[in-house]
2 protein chains.
Amino acid sequence: MYGCGMSLTHALLGLLAVEPRSGYELTKAFETDLGRYAWQAGHTSIYPELGKLAERGLVEVTAEGARGSKTYTVTDAGRTELRTWLMSPPTRQGKVRNEQVLRMFMLSALDPADAVVVLERIAVSTGEQAEVLRAIREQAGPVEPGPEGFGQLAAEYGLRQFEAVHTWALWAMEQLREPVARS
Amino acid sequence: MYGCGMSLTHALLGLLAVEPRSGYELTKAFETDLGRYAWQAGHTSIYPELGKLAERGLVEVTAEGARGSKTYTVTDAGRTELRTWLMSPPTRQGKVRNEQVLRMFMLSALDPADAVVVLERIAVSTGEQAEVLRAIREQAGPVEPGPEGFGQLAAEYGLRQFEAVHTWALWAMEQLREPVARS
DNA sequence: ACCATACATGTCAAAAATGACATGTCGAAA
DNA sequence: TTTCGACATGTCATTTTTGACATGTATGGT
């Protein structure tokens, strides 16, 4: 009976399924989009988890390089485990923790004037981040097959997410500024 | 020096700022939209946290009702703490953990045929959930001032989120089905 | 030769979260 | 009247996560 906090396990398995990497490289991956939108983790949880994964036979150390680096590769058992997780319908909804979204939900604790200030900041921030991703998309061109293509899928996901929050924030400000509509 | 996992603290403070509630009612609140999109927590973390909040003078027990229930009310200090948190610009990006989004990022570990199956499921699921929220919005009418109005803001946020993921999933399926565009 | 920086891995105590267990109340239906 | 389910609060051992600390290597600049 293994514990149920399997998400880090699968995040690691998923990254290694694309290509073998060292713990250090995996840590870097969590500092980009993956960690920003999907799942954050630091090296202090990644290294021990890699050890457990190796014990369970889901990954293997296939090379040791300079500066003591160890390259991990996913095994067949690991691939099976990952596919099972991805293909299984999410029975109970997965864990969700997002501090930014929490702030939005807590807006009701502010008076409307303060809420508008916070919404304004959200609108600016998401607008900028969407702009960055749009620029990246232009450079990349059409979606190609293979791992890079999948990366573009994730980037597009992030872009649409930011755009949605951006327009929502603008809409919400409008609602708060406009006094209640009279009949 | 208090720990830095302050999000549950502020979630509780924010809920109590709208109206006084018991631990049980707060737990229920985390089982709805708040827990689904923003921050999940069970009663086993809520009750101890309420105790700590009371110790720090941020909330008070203002009534004890039937079946041993205790109604907590936020104090002035609690309101100040909450406002400080909400109005402070998010210096380093907040913690993010979302199992669903993680699955989307890990799609690259599947072959395109399997990925399309998963995307299909996401599209159906988000489409349904968006439909539910749209129905709720129709019943509720225009956004009004006060706490209910803010609740509508959060609902609209959820709706737009689902719509964005829905159209993204459809788009992504299109990309995967269509073989690479020839020049 | 020295130094800063990025590379690279780890431990460990403390804090936080989870799941299992435990206890008891109140109202309504059978 | 008894039993069921919702109400209501809690503990506790285990697991998970974090932040601080610790160690050492290769590279490029000065």
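We use all heavy atoms of the structure for the numbers below, so side chains are in, but hydrogens, waters and symmetry mates are not. Within every chain, numbering begins at 1; the chains are lettered A, B, ... in the order of the sequence lines, protein sequences first and strands thereafter.
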Trainee: For residues 49-90 of chain B, pull every pair meeting ring-ring contact (aromatic ring centres under 6.0 Å, His included), keeping only residues two or more places apart or in separate chains.
Mentor: B:His10-B:Trp85
Trainee: Check whether NZ of the Lys or CZ of the Arg A:Arg97 lies under 6.0 Å from the centre of the six-membered ring of A:Trp39 and within 45 degrees of that ring's axis.
Mentor: no
Trainee: What is the distance from NZ of A:Lys28 to P of C:dA8, rounded to the nearest Å?
Mentor: 10 Å
Trainee: Return the value, rounded to whole Å, for the distance between atom CD1 of A:Ile46 and atom P of C:dC7.
Mentor: 15 Å
Trainee: Quick one: ring pair (Phe, Tyr, Trp, His ring centres under 6.0 Å) partners of B:Phe162, sequence neighbours excluded?
Mentor: B:Tyr37
Trainee: Could you give the CG-to-P distance, from A:Leu12 to C:dT9, as a whole number of Å?
Mentor: 12 Å
Trainee: Give the rounded distance in Å between these two atoms: CD of A:Glu25 and P of C:dA8.
Mentor: 6 Å
Trainee: Rounding to an integer number of Å, can you tell me how far A:Met6 CE sits from D:dT16 C1'?
Mentor: 13 Å
Trainee: Please name all residues satisfying salt bridge (Lys or Arg N to Asp or Glu O under 4.0 Å) with B:Arg83, sequence neighbours left out, ordered by chain then number.
Mentor: A:Asp114
Trainee: For residues 130-141 of chain A, which residue pairs qualify under salt bridge (Lys or Arg N to Asp or Glu O under 4.0 Å), counting only residues two or more places apart or in two chains?
Mentor: A:Glu131-A:Arg134, A:Arg134-A:Glu163, A:Arg137-A:Glu156
Trainee: By nearest heavy atom, map A:Trp39 and B:Thr71 onto DNA chain D; which one lands nearer the 5' end?
Mentor: B:Thr71
Trainee: Within the structure shown, what part of the strands sits under 4.0 Å from B:Ser22 by heavy-atom distance: base, sugar-phosphate, or nothing?
Mentor: sugar-phosphate
Trainee: Kindly indicate whether the side chain of B:Tyr47, heavy atoms from C-beta on, has any atom under 4.5 Å from the side chain of B:Tyr24.
Mentor: yes
Trainee: OP1 or OP2 of D:dT9 less than 4.0 angstrom from a side-chain nitrogen or oxygen of B:Tyr24, does that happen here?
Mentor: no
Trainee: Atom CD of A:Glu49 and atom P of D:dT18: how far apart are they, to the nearest Å?
Mentor: 13 Å
Trainee: Would you indicate what A:Gln40 reaches in the nucleic acid, counting non-hydrogen atoms under 4.0 angstrom: base, sugar-phosphate, or nothing?
Mentor: sugar-phosphate
Trainee: Please figure out whether B:Tyr47 or B:Arg97 has its closest DNA chain D nucleotide nearer the 5' end.
Mentor: B:Tyr47
Trainee: Along nucleotides 21-27 of chain D, 5' to 3', which nucleotides get a B, which get an S, and which get a -, given that the test is a protein heavy-atom distance under 4.0 Å?
Mentor: ----BS-
Trainee: Atom NZ of B:Lys95 to atom P of D:dT18: distance rounded to whole Å?
Mentor: 6 Å
Trainee: Strictly below 4.0 Å: does B:Lys70 bring a side-chain N or O up to OP1 or OP2 of D:dG10?
Mentor: yes
Trainee: Which residues pass the ring pair (Phe, Tyr, Trp, His ring centres under 6.0 Å) test with A:Phe30, not counting sequence neighbours?
Mentor: none
Trainee: In whole Å, what is the span from the CG atom of A:Leu26 to the P atom of C:dA8?
Mentor: 12 Å
